[in-house]
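Have a look at the structure below before the remarks.
Throughout, a chain's letter reflects where its sequence line sits, starting with A, and its residues are numbered from 1.
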Amino acid sequence: MTTTSQAGRWSYPLAAEFGPRDVTRDLAEFVATSGIGTGVLAVQLVGSTGAITTIEYEDGALADLRRALDALAPANDDYAHNARWGDGNGFSHVRSSLLKTSLAIPVVDGALALGSWQQVVVLNLDNRRRTREVVAVVVGSVKHEARSVKREA
Amino acid sequence: MTTTSQAGRWSYPLAAEFGPRDVTRDLAEFVATSGIGTGVLAVQLVGSTGAITTIEYEDGALADLRRALDALAPANDDYAHNARWGDGNGFSHVRSSLLKTSLAIPVVDGALALGSWQQVVVLNLDNRRRTREVVAVVVGSVKHEARSVKREA
Amino acid sequence: MTTTSQAGRWSYPLAAEFGPRDVTRDLAEFVATSGIGTGVLAVQLVGSTGAITTIEYEDGALADLRRALDALAPANDDYAHNARWGDGNGFSHVRSSLLKTSLAIPVVDGALALGSWQQVVVLNLDNRRRTREVVAVVVGSVKHEARSVKREA
């Protein structure tokens with residue numbers, strides 16, 4: 001069984017405060033292209049004012065999640081980060097730290113182990129529009145080995 | 001050093017709203033059987049109305065966690081998801097997105113890097129009893145290599 | 001392409017209730033020393049009363065995160081865990097379960113995929129000073145292969 005790894009990177013222009021994007025298809029294609037059948041995918045929304053999680057990607061659930069984040073760290077509250085740096089995105093930092101910016105997902109039979117109604121979503125939580133970078137690495141065993149697979153050395 | 005990967009899958013019938021299950025032993029046995037000594041385990045509770053985390057698995061801490069989740073997303077609140085789909089589990093989706101459905105755990109000396117009082121728990125957060133699927137993949141280096149370990153090709 | 005894995009372990013004496021420590025440099029050096037170019041890093045704060053996440057590691061954002069955790073599970077609230085065990089750290093268990101104790105981070109070009117203002121922070125959330133153990137495993141492909149890299153067997 002040959003094990004290998006592969007890295008991918010994507011850029012998404014996202015709305016302010018709660019800019020969601022369904023990245024499931026991009027990640028699924030990346031995993032399929034890697035040739036890995038059994039492995040682990042790690043995904044990171046790079047930066048300290050974004051987040052990544054899973055959700056049923058429909059307007060209702062997204063609005064509900066946004067409301068929950070608003071309650072956890074209201075945008076117009078007072079933040080020590082804002083007092084020191086004046087950039088007004090203290091709420092973004094708190095939300096990002098609570099929700100976190102990375103995920104690990106098992107890969108089985110060359111596919112992400114997700115439910116039918118479960119998507120991977122990245123969120124721009126900053127107080128301005130931003131293009132966010134998403135980085136992923138998949139590590140695991142090659143699915144269908146053929147003669148053309150290089151011998152390890 | 002030979003690296004390899006292995007996948008596992010389990011089904012657990014779980015109670016509604018906060019149906020917890022300690023899956024530590026199942027995961028530990030899976031890792032031991034894989035033969036991997038140093039690696040990464042990714043675990044996923046499949047679906048958008050469940051969650052996975054770690055906790056000291058005793059009734060008190062579980063009750064405290066349940067209360068915290070009730071406060072984060074009350075079951076009887078109004079949810080945009082419910083208004084659109086009428087299935088009444090809007091709170092389940094919010095709790096699942098906040099808590100997340102996957103974990104990555106280091107494997108060292110063939111064992112999960114957990115504390116003595118720390119267990120891996122999966123939660124059914126849906127508004128009805130459900131049998132939930134848990135999928136895991138471990139990737140890493142084989143612990144004690146023997147002649148019987150196949151040469152990579 | 002040779003894949004390999006490596007484990008690391010660190011101990012940090014940390015303050016009570018919200019004892020933060022920036023572990024980014026230790027993890028970065030560990031990954032660099034491993035020789036892995038493309039991989040997945042799993043990090044675990046061992047135990048059920050700590051946590052790990054990412055943040056812009058400056059006093060303002062840290063104070064804001066602490067306040068958010070205080071609201072999620074106030075230290076002086078009543079907890080079922082305390083009623084049963086009398087150790088007074090029920091809030092620590094709830095905060096740990098909500099925030100979680102592990103992270104997975106992609107490794108690309110031998111470096112952690114983090115933003116310029118994004119650090120990995122471990123937190124002691126217990127109600128007393130503690131020395132906390134952090135365990136990490138990196139799995140992936142060796143960066144620059146040389147003759148000295150051992151053939152797999």
Side-chain angles (χ1 to χ4, degrees), chain A residues 2-9 34 39-51 71-74 77-87 89-105 132-142 149-153, chain C residues 1-5 36-43 51-69 71-72 95 98-100 102-109 111-121 123 138-142 145 147 149-153:
Chain A
T2 303
T3 57
T4 187
S5 69
Q6 198 165 316
R9 179 180 289 269
S34 76
V40 172
L41 176 77
V43 196
Q44 169 92 336
L45 182 293
V46 178
S48 52
T49 56
L72 279 173
D77 211 344
D78 290 328
Y79 290 92
H81 178 77
N82 294 345
R84 292 174 67 96
W85 305 96
D87 43 9
N89 64 355
F91 72 98
S92 317
H93 286 281
V94 173
R95 294 179 189 186
S96 175
S97 285
L98 292 176
L99 206 51
K100 299 192 183 180
T101 60
S102 63
L103 271 189
I105 304 174
R132 309 296 321 216
E133 304 293 318
V134 173
V135 172
V137 168
V138 60
V139 181
S141 310
V142 174
V149 174
K150 287 178 196 153
R151 180 175 294 266
E152 296 210 2
Chain C
M1 188 164 57
T2 302
T3 57
T4 188
S5 68
I36 288 174
T38 304
V40 173
L41 176 78
V43 196
I52 187 168
T53 187
T54 56
I55 197 166
E56 182 181 335
Y57 199 88
E58 60 87 20
D59 288 350
L62 288 168
D64 295 331
L65 175 59
R66 179 172 189 163
R67 190 179 57 160
L69 292 174
L72 278 172
R95 293 180 190 186
L98 292 177
L99 205 50
K100 298 192 181 179
S102 63
L103 270 189
I105 304 175
V107 172
V108 180
D109 295 332
L112 298 172
L114 294 169
S116 310
W117 308 97
Q118 183 178 28
Q119 282 80 40
V120 181
V121 58
L123 300 170
V138 60
V139 182
S141 309
V142 174
E145 297 195 53
R147 277 281 170 184
V149 174
K150 286 179 197 153
R151 181 176 293 265
E152 297 210 359

So for [X], is it side chain, backbone, both, or neither that comes closer than 4.5 Å to the heavy atoms of chain A?
X: C:Val121; result: neither
X: C:Glu58; result: side chain
X: C:Leu72; result: side chain

[Y] and [X], any side-chain heavy atoms less than 4.5 Å apart:
X: C:Asp64; Y: A:His93; result: no
X: C:Leu114; Y: A:Gln44; result: yes
X: A:Leu98; Y: C:Leu69; result: yes

With a 4.5 angstrom heavy-atom cut-off, is it the side chain or the backbone of A:Ala83 that approaches chain C, or both, or neither?
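Neither part, no heavy atoms under 4.5 Å.
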If the condition is side-chain contact (heavy atoms from CB on, under 4.5 Å), which residues does A:Ser34 pass it with, not counting sequence neighbours?
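Here the qualifying residues are A:Gln6, A:Ile36, A:Val138.
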With sequence neighbours excluded, tell me which residues meet side-chain contact (heavy atoms from CB on, under 4.5 Å) with C:Gln119.
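C:Asp22, C:Thr24, C:Tyr57.
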Residue selection (most heavy-atom pairs with chain C, distance under 4.5 Å) from A:Leu41, A:Asn82, A:Asp77
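Ranked by contacts with chain C, first place is A:Asp77.
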What closest approach, in Å, do [X] and [Y] show between heavy atoms, and which atom pair accounts for it?
X: A:Val135; Y: C:Ala113; answer: CG1-CB, 3.8 Å
X: A:Lys100; Y: C:Ile52; answer: NZ-O, 2.7 Å
X: C:Leu99; Y: A:Ser97; answer: CD1-O, 3.6 Å

When C:Gly60, C:Ser116, C:Ala42 are compared by non-hydrogen pairs under 4.5 Å with chain A, the top option:
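If we count pairs closer than 4.5 Å to chain A, C:Gly60 comes out on top.
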